[in-house]
Amino acid sequence: AARQKMRDLQAAADRRAFAVVALDNRNKGKRTTEAVIARYEEVTRLDPGNNGDWITLARLYTDIGKSEQAIAAAQRAQETARNPLQKAYALIQIGQSFTSQGDTPNALMLFDEALREIGKADAAANDVLDVLGNIQILRGDALMRSNKPALAAYIAGADAKRKLIEFAPDAAKARFNLANALRQLGQGQRFEDDDAGSKASMMEAIAIMDKLIAEEPANTSYRRFKASLLLQPIIREGDSAKAITLSDTVIADLAPVAAADGNHAYTLVLLLRAYSIKGSYLTDEEQYDLAVEALMRAKQVGATLLEKAPEVLHHYSWVRSNYVSLTDVLNRTERFSEALMSCEEAKAVVLDSIERNKAKTGIRLRNEYFHSWFRYECGLSLVGLGRAPDARQEFLAAFATMDGLLARGESDEDFVGLQGTLLVELAELKEPGFTWSRAIAFMEAAPQAYPEPPDFADMLEYARDNAKRDGEILP
């Protein structure tokens, strides 16, 4: 047994060397993530006691959206940790996996625990500073998702990364990590309404990435990260032409990367977002055919993403958001058959998300709203196709769901807005019990009944005009 263990350890060392090379080649677009995972799985089978192998494997599983496997690998990393630094690494990986599943409270708890562990290590060591910065950035993300003050954590994370630059100003890893910290700091500044600070942080990060890419053009991690910066709202908003150009830049850069490593979930997310952002801005510019083309491409990428990585919660959010834009423009341009098909697909995506997140109340409520939203869009498509009875059923089902949500005290502006819209649509179809008076009464009462009601001014004017047309006597 002892001899076999020695043989396994030697074999693991040999295979680890090949795995490290494969990982580097993956970052240059020459290997797929799954191929690298297979190598590290073999290494950990032969030598299950190496903490670094488990950390790397957990990260790789995260890259392809395999949250459960990532958590299992990170837990093995925690078991094999021999010092506070290694324990902190493991806790970070477990926390990130919880984040991808939408479990922000537990993720924040783990990041706080990692912060306590790293406090036991030598604060002046470079690797400790690096991990400290990572923890603070991840804490900032979790705090912001929880609607809690996050800027102090982001600033602490960026400060730690800047200190690393002082020790190694030319080190590519240190500069890349600083760019990442600046991106997250920029998001935190945006959350705090500091748009000028946010844009400055993002532009500094872009400048860093431009230099890194010039030094190593084949590095796909760099290219993905720069794409994530170019898609930030603060960089593109208020300028449709710039937003479309930036989206095209991301698409041109990442489409070959996705073709070479089709299981890398983050590449697919960025491509989906780029196509979807492009489609939305083209819609604003009333370039509807081009908008539909871009949104359809986003839909295709989204289908691949959910097929490859269905465990990650925010993947459903990006896919769902694109369907909102797609069904809207298809109905707006009277492509009702295509709109109806897209609505039905969207409802299936939302139902799948509901099924996968049964225990997460906030996520379930939001998904119920979106399921009702797509029922509403289906109803519009059916009206356009001359299928009024079927449209009524969609509108009534959506109304019943939203009525239940509002009765339970859910007063989100979107929820209230959709309910007012459904009342108007049902009055338009002359559904028994749904009069213009009822729709008007709901919208007029909204400012007193709900803390943040939508602006119903235009819809109220429309409802009053129709009530007058139909001879309804208003109170």
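At a cut-off of 3.5 Å, with distance as the only test, a side-chain donor of Thr267 or Arg224 sits close to an acceptor on the other residue. Between the side chains of Ser100 and Ser67, at least one donor N or O lies within less than 3.5 Å of an accepting N or O.
The side-chain hydrogen bond (donor to acceptor under 3.5 Å, both in side chains) search around Glu216 returns Asn219, not counting sequence neighbours.
By the 4.0 Å N-to-carboxylate-O rule, Asp352 lies close enough to Arg356 to be salt-bridged with it. Residues Arg59 and Asp63 are not paired through a salt bridge, judged by the lack of any N-O separation under 4.0 Å between the basic side chain and the carboxylate. Arg15 has no carboxylate O lying under 4.0 Å from a charged side-chain N of Asp47, or vice versa, which leaves the two without a salt bridge. For Lys347 and Glu394, the salt-bridge test passes: some basic side-chain N is under 4.0 Å from an acidic carboxylate O. Contact check on Arg387 versus Asp390 returns a salt bridge, with a Lys/Arg side-chain nitrogen under 4.0 Å from an Asp/Glu carboxylate oxygen. With respect to the salt-bridge test (charged N to carboxylate O, under 4.0 angstrom), the residues Lys226 and Asp253 do not qualify. A salt bridge links Arg366 with Asp414; the closest basic N to acidic carboxylate O contact falls under 4.0 Å. Comment: Arg175 engages Glu215 in a salt bridge, judged by a side-chain N to carboxylate O separation of less than 4.0 angstrom.
Of the possible donor and acceptor atoms, one in the side chain of Asn51 sits under 3.5 Å from a partner among the backbone N and O of Ala77. Formation of a donor-acceptor pair under 3.5 Å by the His315 side chain with backbone atoms of Ala309 is found in this model. Formation of a donor-acceptor pair under 3.5 Å by the Thr220 side chain with backbone atoms of Asn27 is found in this model. Listed for the Thr245 side chain is a donor-acceptor partner under 3.5 Å among the backbone atoms of Ala241. Panel note: side chain Gln86, backbone Arg82; a donor-acceptor pair is recorded below 3.5 Å. Judged by distance alone, the side chain of Ser276 and the main-chain N or O of Leu272 form no donor-acceptor pair under 3.5 Å. Between the Lys242 side chain and the Ile235 main chain, a donor and an acceptor come within less than 3.5 Å of each other. Between the side chain of Ser228 and the main chain of Phe225, a donor-acceptor pair closer than 3.5 Å is present. Side chain of Ser381 to main chain of Glu377: a donor-acceptor pair is present (N/O by atom type, distance under 3.5 Å, no hydrogens or angles). At distances below 3.5 Å, at least one donor-acceptor pair connects side-chain atoms of Asp261 with backbone N or O atoms of Thr33.
Taking the ring centroids of Trp373 and Phe370, they lie at or beyond the 6.0 Å cut-off.
Shortest non-hydrogen contact noted between Pro48 and Trp54 is O-NE1, 2.8 Å. Tyr222 approaches Ala172 most closely through the heavy-atom pair OH-CB, 3.4 Å. Shortest non-hydrogen contact noted between Thr401 and Glu368 is CG2-O, 4.0 Å. Between Val128 and Ile118, the closest heavy-atom pair is CG1-CG1, 3.8 Å.
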Table please: side-chain donor-acceptor pairs of residues 148-160 below 3.5 Å, with sequence neighbours left out.
residue, atom, partner, partner atom, Å
Tyr154, OH, Gly140, O, 3.3
Tyr154, OH, Asp141, N, 3.1
Tyr154, OH, Asp141, OD1, 2.5

